[in-house]
Number of protein chains: 4
Amino acid sequence: MSRPRSDEKRTAILEAATRIIVLQGLGAPTAGIAKEAGVANGSLFTYFETKTELFNHLYLAIKSEMAAAILNNYPAGAESRDEFFHVWRNWMDWALANPHKRKALAQLGVSDEIAAETRMAGHTMMMPIVEMLERARARGAMQTAPKGFVVALMNSVAEATIDFMAQDPEHAQKHSALGFDALWRMLS
Amino acid sequence: MSRPRSDEKRTAILEAATRIIVLQGLGAPTAGIAKEAGVANGSLFTYFETKTELFNHLYLAIKSEMAAAILNNYPAGAESRDEFFHVWRNWMDWALANPHKRKALAQLGVSDEIAAETRMAGHTMMMPIVEMLERARARGAMQTAPKGFVVALMNSVAEATIDFMAQDPEHAQKHSALGFDALWRMLS
Amino acid sequence: MSRPRSDEKRTAILEAATRIIVLQGLGAPTAGIAKEAGVANGSLFTYFETKTELFNHLYLAIKSEMAAAILNNYPAGAESRDEFFHVWRNWMDWALANPHKRKALAQLGVSDEIAAETRMAGHTMMMPIVEMLERARARGAMQTAPKGFVVALMNSVAEATIDFMAQDPEHAQKHSALGFDALWRMLS
Amino acid sequence: MSRPRSDEKRTAILEAATRIIVLQGLGAPTAGIAKEAGVANGSLFTYFETKTELFNHLYLAIKSEMAAAILNNYPAGAESRDEFFHVWRNWMDWALANPHKRKALAQLGVSDEIAAETRMAGHTMMMPIVEMLERARARGAMQTAPKGFVVALMNSVAEATIDFMAQDPEHAQKHSALGFDALWRMLS
DNA sequence: CATGAATGAGTGTTCATTCAT
DNA sequence: AATGAATGAACACTCATTCAT
């Protein structure tokens, strides 16, 4: 009956927000995001009721895309280390291929605009990875450590590795392997 | 640049800024910081020309306090692992004793208000620690890795450990040991 | 101007506007009026070109309904006072039975959105009442006063009376009589 | 120590608001009011926290000025009718001399921005007048009517009279007398 | 130097109206 | 004709910074 709400436009807004956040931070005017997305100022608010809601949706969208990429072609049943390395490689690949999304996600993750529930939902998407990590550390030195602590360590090693790969892309593979080995040593 | 009279007021502003940033983020109004510091709104700008300058000074102030704390009573000449653990313990102690400063520092570190030079100066203060790290990894698995990478890993493991200690203070010592061991395993 | 199809919808919009104006004032969004009327946002504008036009139509619609109610069963030829009291009673009855319409009319009457012509048309509908008033004051103390002045006094006494009846409905009849007597004394 | 808040500016804003409200209604932008007052956009908000607060203050300011004017040189102890007429004349004089204030007050009085407490405070200022009215009607036909009703009638007759005086200023005195006589007849 | 009022650019959001479907 | 998405001007209010006192 009427012009249907366009998924294209919604996506355009999310992508524009990603780009703008990288360039200008979370304080960037919504007007700028709308312009970058090629829609009118007010249209942004037919797709997302507030700026905060837009940010929460963007956070989840990127996080779930990332989780899906990480879990792509997951080799269930392989040896623990190989299984883990497959995931690690997917992780690094996605991060390198999507530097904007990664940067935006980092900014969003640090912001207090992101609701607790949104973060929770994001964690849920990473669950399979966390379970894999659980199996990997089951017999090593960290078997008694709290789960959350191991997850935090994995995340921070991954982030550090990615940072370094991104700023020295020529030796990306080498850094990836170094990071993974370091993590594996930590868990062993 | 002539120094304004009262060092007390300068300090009060920096401390107020720390508290306010923790509560309200970097977007907090300067008026609020001034009020918390017990000075007038406009006085803030006789001590720091702009909000950005205030933030850069605060970043450096906290960072150097932290570095000094970490290096306190540095046992030059001790065994590598003990030497390192002393530093690690100082690091964790300072972080637990100064949660506000740590949180503010985290926010500042992520912000794009902090100039490259400020970050560099911050790194400089950490130099002795980095050198110690260099000695520690000299014969281990990471001996060929670029220096910056190892530093990044150390930082991120430390941060993850602190996060976990802070949210579960009862087992702080245990987490500290776990974190240190994990890091040491990484370097070995 | 071709009449849009459905008189029902037109009426629904006018009635919705009445209710919404009472609740939210003239600043109420057209979207809200449309929703209350059960039509789409944009449909409102096929029935009334602008919000202002809607308001002008609503003003006239209520005013003419009121005038018709007041003149209902007009007892032509009766004694002056009885004739007048019949009108007065109709007036009060309508106002009490239609508090929303009265409130909306009050708001509209005060607004500068209502065009001079609309007001004039409204006055025209009250003409028979005014003529009756003219006969009633023909021999009293107000016989030399300008017509408009007497009309204004009648209106304001009526409004005051209605206000009071509405906020104290138990003694409505008493207030009605008091108001009428007061008005009659004024005219005598 | 610092530039003191200026009563002149506060007054300028209130007067500007009066003028702008008459011309453009209550929907007028605060920016316009500030400009008319010769102050910056934001300065308006150092004197009045919100637009609504400005309107409430303006309402009270005008109302109390009006009450003071009405009670000016109040001839305590005079004959009831003379006493009342003195008040009535003051009322009419003030209204004619301050048409803008009267119009603005009318708009404000009708608006739902004006808080109940503000209205109450306004009524308080009119108290002495109401008491005088009470004495005036003590032995007349309206002696049994509720106080509020009589007050409402007085107000509405006064308003109607003023309206008519304003739109036909040449015969202002005549209308004033007619209105007063009508009111007096009502009370007798 | 201290104070806090003054400034005015900047921002998220609303909403009457238009228009594609 | 009906729908509701699209548009963009408008607006109250904030806030870093300046400046009169």
Side-chain angles (χ1 to χ4, degrees), chain A residues 1-6 9-10 13 27-35 37-55, chain B residues 2-6 9 27-35 38-55, chain C residues 2-6 9-10 27-35 38-55, chain D residues 1-6 9-10 27-35 37-55:
Chain A
M1 299 269 166
S2 93
R3 202 177 335 186
R5 221 179 267 196
S6 140
K9 242 163 225 170
R10 212 189 114 96
I13 292 170
T30 52
I33 296 174
K35 194 177 181 187
V39 302
N41 213 317
S43 293
L44 190 150
F45 294 92
T46 48
Y47 288 89
F48 305 96
E49 285 196 8
T50 62
K51 196 190 190 185
T52 296
E53 204 200 294
L54 164 60
F55 282 176
Chain B
S2 68
R3 273 284 171 73
R5 192 84 52 75
S6 155
K9 256 171 207 168
T30 52
I33 296 174
K35 193 177 181 187
V39 302
N41 180 343
S43 295
L44 190 150
F45 293 91
T46 51
Y47 290 90
F48 304 95
E49 283 193 13
T50 64
K51 194 189 191 187
T52 297
E53 205 200 293
L54 164 61
F55 281 174
Chain C
S2 70
R3 273 284 171 75
R5 193 82 54 72
S6 153
K9 257 171 207 170
R10 212 186 116 95
T30 52
I33 296 174
K35 193 176 179 187
V39 302
N41 176 344
S43 294
L44 190 150
F45 293 91
T46 51
Y47 290 89
F48 303 96
E49 283 193 14
T50 65
K51 195 187 190 186
T52 298
E53 204 200 294
L54 163 61
F55 282 174
Chain D
M1 301 268 165
S2 92
R3 200 178 334 185
R5 218 178 270 196
S6 140
K9 244 163 225 170
R10 211 188 116 97
T30 52
I33 296 174
K35 193 176 182 188
V39 302
N41 213 317
S43 294
L44 189 149
F45 294 93
T46 47
Y47 288 89
F48 304 95
E49 287 196 7
T50 62
K51 195 189 190 187
T52 297
E53 205 199 293
L54 164 60
F55 282 175

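Lettering follows sequence order; numbering is per chain, from 1. Just so you know, these numbers come straight off a predicted model, no measurement behind them.
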Within the 4.0 Å heavy-atom criterion, would you say [X] contacts the bases, only the backbone, or no part of the nucleic acid?
X	value
D:T50	sugar-phosphate
D:T46	sugar-phosphate
A:K35	nothing
A:R5	sugar-phosphate
C:F48	nothing
B:A28	sugar-phosphate

Exercise for the section: Supply the atom-to-atom distance C:K35 NZ to C:L44 CG, rounded to the nearest 0.5 angstrom. Expected result: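 One gets 15.0 Å once the value is rounded to the nearest 0.5 Å.
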With the side chain of [X] defined as its heavy atoms from C-beta on, choose the nearest nucleotide among [options].
X	options	result
D:N41	E:dA9, F:dG4, E:dT13	E:dA9
B:A40	E:dC19, E:dT7, E:dT3	E:dT3
D:V39	F:dA12, E:dC19, E:dT7	E:dT7
A:P29	E:dT7, E:dT11, E:dG4	E:dT11
A:F45	E:dT13, F:dA6, E:dA5	E:dT13

Problem - Any strand: nucleotide that pairs with E:dT21 via Watson-Crick or wobble, under 3.5 Å - result: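 In the structure as shown, E:dT21 has F:dA2 as its Watson-Crick or wobble partner.
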Exercise for the section: Could you tell me whether the side chain of A:Y47 and the main chain of A:R5 form a donor-acceptor pair under 3.5 Å? Expected result: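 Between the backbone of A:R5 and the side chain of A:Y47 there is no qualifying donor-acceptor contact (under 3.5 Å).
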Practice task
Run the numbers on C:L54 and C:T30 for side-chain contact (heavy atoms from CB on, under 4.5 Å), then give the verdict.
Solution key: CA-CA 10 Å; C:L54 163 61; C:T30 52; 5.6 Å; no
Give the rounded distance in Å between these two atoms: [atom1] of [X] and [atom2] of [N].
X	N	atom1	atom2	answer
A:L44	E:dG12	CG	C1'	10 Å
A:E53	E:dT14	CD	P	12 Å
A:I13	F:dA6	CD1	C1'	11 Å
A:K51	F:dT14	NZ	P	16 Å
B:F55	F:dT17	CZ	P	10 Å

Think [X] has a side-chain N or O under 4.0 angstrom from the OP1 or OP2 of [N]?
X	N	result
A:Y47	F:dA6	yes
B:T30	F:dC15	no
D:S2	E:dA2	no
B:K9	E:dA2	yes

Practice task
Could you pick out which residue, B:G38 or A:E49, lies toward the 5' side of DNA chain E when each is mapped onto its nearest nucleotide?
Solution key: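 The 5'-side residue here is B:G38.
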Practice task
Compare every heavy atom of D:S43 with every heavy atom of D:T46, then report the nearest pair and how far apart it is.
Solution key: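 That closest heavy-atom pairing would be OG1-O, 2.6 Å.
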Exercise for the section: Quick one: closest heavy-atom pair of D:K51 and D:F45, and the distance? Expected result: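 That would be N-CE2, 4.3 Å.
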Problem - Position toward the 5' end of DNA chain F (nearest nucleotide), A:S6 or D:P4 - result: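 Its nucleotide being nearer the 5' end, the pick is A:S6.
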Exercise for the section: Would you kindly compare C:S43 and D:G42 by the position of their nearest DNA chain F nucleotide and give the one closer to the 5′ end? Expected result: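 Checking each residue's closest nucleotide, the 5'-ward one belongs to C:S43.
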